[in-house]
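Encoded as structure tokens, the structure appears first; notes follow it.
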2 protein chains.
Amino acid sequence: MARLLIVEDDPDTNDSICEYLKGAGHQVHAAFDGQQALDLFESFPIDAIVLDIMLPKLNGMEVLREIRQSSDVPVLMLTAIKDEQTQIASFDGLADDYITKPCSIVLLGKRITALLRRAGKGKDVRSWEWKDLAVNFYAYTAYKGNEPIDLPQKELRLLKFLIDNQGLVLTRNQILDELWGLESPESDRTIDLYISRLRNKLGIDCIKTIKGIGYKLEGSE
Amino acid sequence: MARLLIVEDDPDTNDSICEYLKGAGHQVHAAFDGQQALDLFESFPIDAIVLDIMLPKLNGMEVLREIRQSSDVPVLMLTAIKDEQTQIASFDGLADDYITKPCSIVLLGKRITALLRRAGKGKDVRSWEWKDLAVNFYAYTAYKGNEPIDLPQKELRLLKFLIDNQGLVLTRNQILDELWGLESPESDRTIDLYISRLRNKLGIDCIKTIKGIGYKLEGSE
DNA sequence: TCACACATGATAAATTGATGACACATTCAG
DNA sequence: CTGAATGTGTCATCAATTTATCATGTGTGA
């Protein structure tokens, strides 16, 4: 699931794109001119933009330029203009992809997915699996094989933090900040304790100690 | 600058792509069949791949699948196949982009740049590389080629320091200052020891002794 | 050519300090 | 009150680091 902004002046085209992407599980905002696109972008959190070039009020290139003043959000240009200079100008304006109409709506979806994946929007993992372990952050449940594991809040949050940063080393301080914020416990032992509890409950040794630094979750990359 | 792998069986096409990308400041490896692509990918650190589909030995889809077993490197499919199913299959196989030939070489460059920019986000800034050695301070890992090397903190920092100053001689005092600061150990032997451990673990003899002065990492001179 | 001094390499042993394990204290909800 | 979740303190263990010791190599002057 991602929050998408579709900018396209033709109502029919806009509508069918939106419907398809909603069906694919995304949350979709529709804009029909450049100014509206900027307004919507200001008002809602947006993960990626599909942007036509020929638009009323502000054209797509201007919208792109405006957005890039303040944001690195992924932008996919979708336009009837096949001219190479326009494509080059789009990429120079830091667009992420460029598709010419007419275009298969399925492929558009695939390209959006690829872009989101690369942009790291898939980073906020809602579920995670590794070997016979599975964690679901919607239901806040964890499974080892088919056995549910009982993980109290802190342990689950620690696990999620590790998963969100899998492969990267987290220092004790980072973990303290994330789980406790200001009201950190005194003792360094506390973190070791939670790590140790997680290791016991998970069974597999997927949490690695970096002595003198912190811990990291083995990447499943 | 990025390290690119171009996989394309037609020598002329391959060559002209490589030349153009070299001209754009990249470091380029060329592969002419699928197996060679995998071999090169194993042997060198690669930042992005341009991958044809119709290839001798292993076709592009198989190469993609193989690479995605172990790596999230950006992959741009470049092929004469216009068929939608193939495009969909590519994106489902976690390709990042798909271009059909013939294609403007300038646009190819632009798309590679866009992809690298997007993939570089959140990438490890604190990463040092020299030949087939790489040190990553986010993950606290070191790699020789694609093999991870287990390096404790001090050894990792020493390696980083050497890579940072490749080709320059570092005196024992400089190394002491960098790694220990004020709380330097008494014994001069300590440094020799770490150097010796690094040499063992790295395998290749890339650390040169300058008698009476210190050590240096062989430059590319 | 042959000692000799000196710098470095290699190895083992000692030391230090971080971590893992566990028992227990505290808090909080029902 | 009871039980679960969370936090603290202690101590044994183990790995990283350091020291100590001896072997090896290299250049110098007799």
Side-chain angles (χ1 to χ4, degrees), chain A residues 135 140-142 148-162 169-218, chain B residues 135 137 139-142 148-162 169-218:
Chain A
V135 180
Y140 263 64
T141 49
I149 314 176
D150 191 31
L151 288 185
Q153 197 225 99
K154 278 259 160 58
E155 294 173 32
L156 200 74
R157 287 211 290 147
L158 172 57
L159 180 55
K160 176 164 162 51
F161 191 43
L162 286 167
V169 175
L170 300 173
T171 66
R172 288 192 162 64
N173 276 333
Q174 286 176 306
I175 296 177
L176 278 180
D177 282 356
E178 173 72 19
L179 270 78
W180 284 271
L182 296 173
E183 305 166 27
S184 303
E186 290 297 307
S187 160
D188 264 24
R189 294 278 66 79
T190 301
I191 293 183
D192 300 17
L193 183 63
Y194 278 95
I195 293 284
S196 147
R197 284 181 186 153
L198 268 188
R199 286 211 258 238
N200 279 330
K201 293 192 184 175
L202 299 186
I204 334 178
D205 187 22
C206 47
I207 303 174
K208 194 172 172 188
T209 302
I210 314 294
K211 275 192 96 157
I213 310 291
Y215 300 91
K216 79 170 175 181
L217 189 69
E218 298 278 2
Chain B
V135 176
F137 272 82
Y140 263 88
T141 50
I149 317 175
D150 190 34
L151 290 185
Q153 209 214 118
K154 280 255 162 61
E155 293 173 33
L156 200 77
R157 289 209 289 145
L158 173 56
L159 178 55
K160 179 239 157 190
F161 191 44
L162 286 167
V169 177
L170 299 172
T171 67
R172 288 192 161 65
N173 274 334
Q174 285 176 307
I175 296 177
L176 278 180
D177 281 356
E178 173 74 16
L179 290 182
W180 285 270
L182 297 174
E183 306 166 26
S184 302
E186 292 296 308
S187 158
D188 263 25
R189 294 276 67 78
T190 302
I191 294 184
D192 300 17
L193 185 62
Y194 277 99
I195 292 285
S196 144
R197 283 185 192 150
L198 269 188
R199 280 182 178 146
N200 279 328
K201 294 192 184 176
L202 299 186
I204 17 172
D205 185 23
C206 47
I207 303 175
K208 197 170 172 187
T209 303
I210 315 295
K211 278 193 85 158
I213 312 288
Y215 300 90
K216 79 168 178 182
L217 190 68
E218 298 277 9

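Per chain, numbering begins at 1; letters A, B, ... match sequence-line order.
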Problem - A:Ile210 and A:Thr171, any side-chain heavy atoms less than 4.5 Å apart - result: no
Exercise for the section: List for me each residue that meets side chain to side chain contact (heavy atoms under 4.5 Å, CB included) alongside A:Gln153, sequence neighbours excluded, and say none if there are none. Expected result: A:Arg157
Practice task
Provide, to the nearest angstrom, the distance between the CD1 atom belonging to B:Ile207 and the P atom belonging to C:dG9.
Solution key: 10 Å
Practice task
Look at the side-chain N and O atoms of B:Tyr215 and state whether any lies under 4.0 Å from the OP1 or OP2 oxygen of C:dG9.
Solution key: yes
Exercise for the section: Produce a footprint string for nucleotides 22-30 of chain C: one letter per nucleotide, 5' end first; B if the base is under 4.0 Å from any protein heavy atom, S if only the sugar-phosphate is, - if neither. Expected result: B--------
Practice task
Give one of base, sugar-phosphate or nothing for B:Ile210, where a contact means two heavy atoms less than 4.0 Å apart.
Solution key: sugar-phosphate
Handout entry: Separation of C:dA14 C1' from B:Glu186 CD (nearest whole Å)
Key = 16 Å
Fill in the blank from the handout: Separation of C:dT11 atom P from B:Tyr194 atom OH, nearest Å, is 17 Å
Exercise for the section: Give the first and the last nucleotide of DNA chain D, reading 5' to 3', that has any atom under 4.0 Å from a heavy atom of chain B. Expected result: D:dA16 to D:dT26
Problem - Residues which pass ring pair (Phe, Tyr, Trp, His ring centres under 6.0 Å) with A:Tyr194, listed by chain and number, not counting sequence neighbours - result: A:Trp180
Completion exercise
Judged by nearest nucleotide, the residue sitting upstream toward the 5' end of DNA chain D, A:Thr190 or B:Pro152, is A:Thr190
Fill in the blank from the handout: For A:Thr209, the side chain to side chain contact (heavy atoms under 4.5 Å, CB included) test, sequence neighbours excluded, returns A:Arg199, A:Lys211, A:Tyr215
Practice task
Answer yes or no: is there a side-chain heavy-atom contact under 4.5 Å between A:Leu198 and A:Leu162?
Solution key: yes
Fill in the blank from the handout: Taken to the nearest whole Å, CZ/A:Arg172 to C1'/C:dG20 is 11 Å
Exercise for the section: Indicate whether OP1 or OP2 belonging to C:dG9 is found under 4.0 Å from a side-chain N or O atom of B:Thr209. Expected result: yes
Problem - Distance in angstrom units between B:Lys208 NZ and C:dT8 C1', rounded - result: 16 Å
Exercise for the section: Taking the side chain as every heavy atom from C-beta outward, state whether B:Lys160 and B:Glu178 have any atom pair closer than 4.5 Å. Expected result: yes
Exercise for the section: Assign B:Lys211 to base, sugar-phosphate, or nothing according to its heavy-atom contacts below 4.0 angstrom with the strands shown. Expected result: base
Exercise for the section: Report the residues that fulfil side chain to side chain contact (heavy atoms under 4.5 Å, CB included) with B:Asp177, sequence neighbours left out, ordered by chain and then residue number. Expected result: none
Handout entry: Within 6.0 angstrom of B:Lys201 NZ, more than 12 heavy atoms from elsewhere
Key = yes
Practice task
Mind checking A:Ser187 for me? I need base, sugar-phosphate or nothing, with any heavy atom below 4.0 Å counting as a touch.
Solution key: sugar-phosphate
Practice task
Taking only Lys NZ, Arg NE, NH1 and NH2, and the carboxylate oxygens of Asp or Glu, determine whether A:Arg172 and A:Asp192 approach each other closer than 4.0 Å.
Solution key: yes
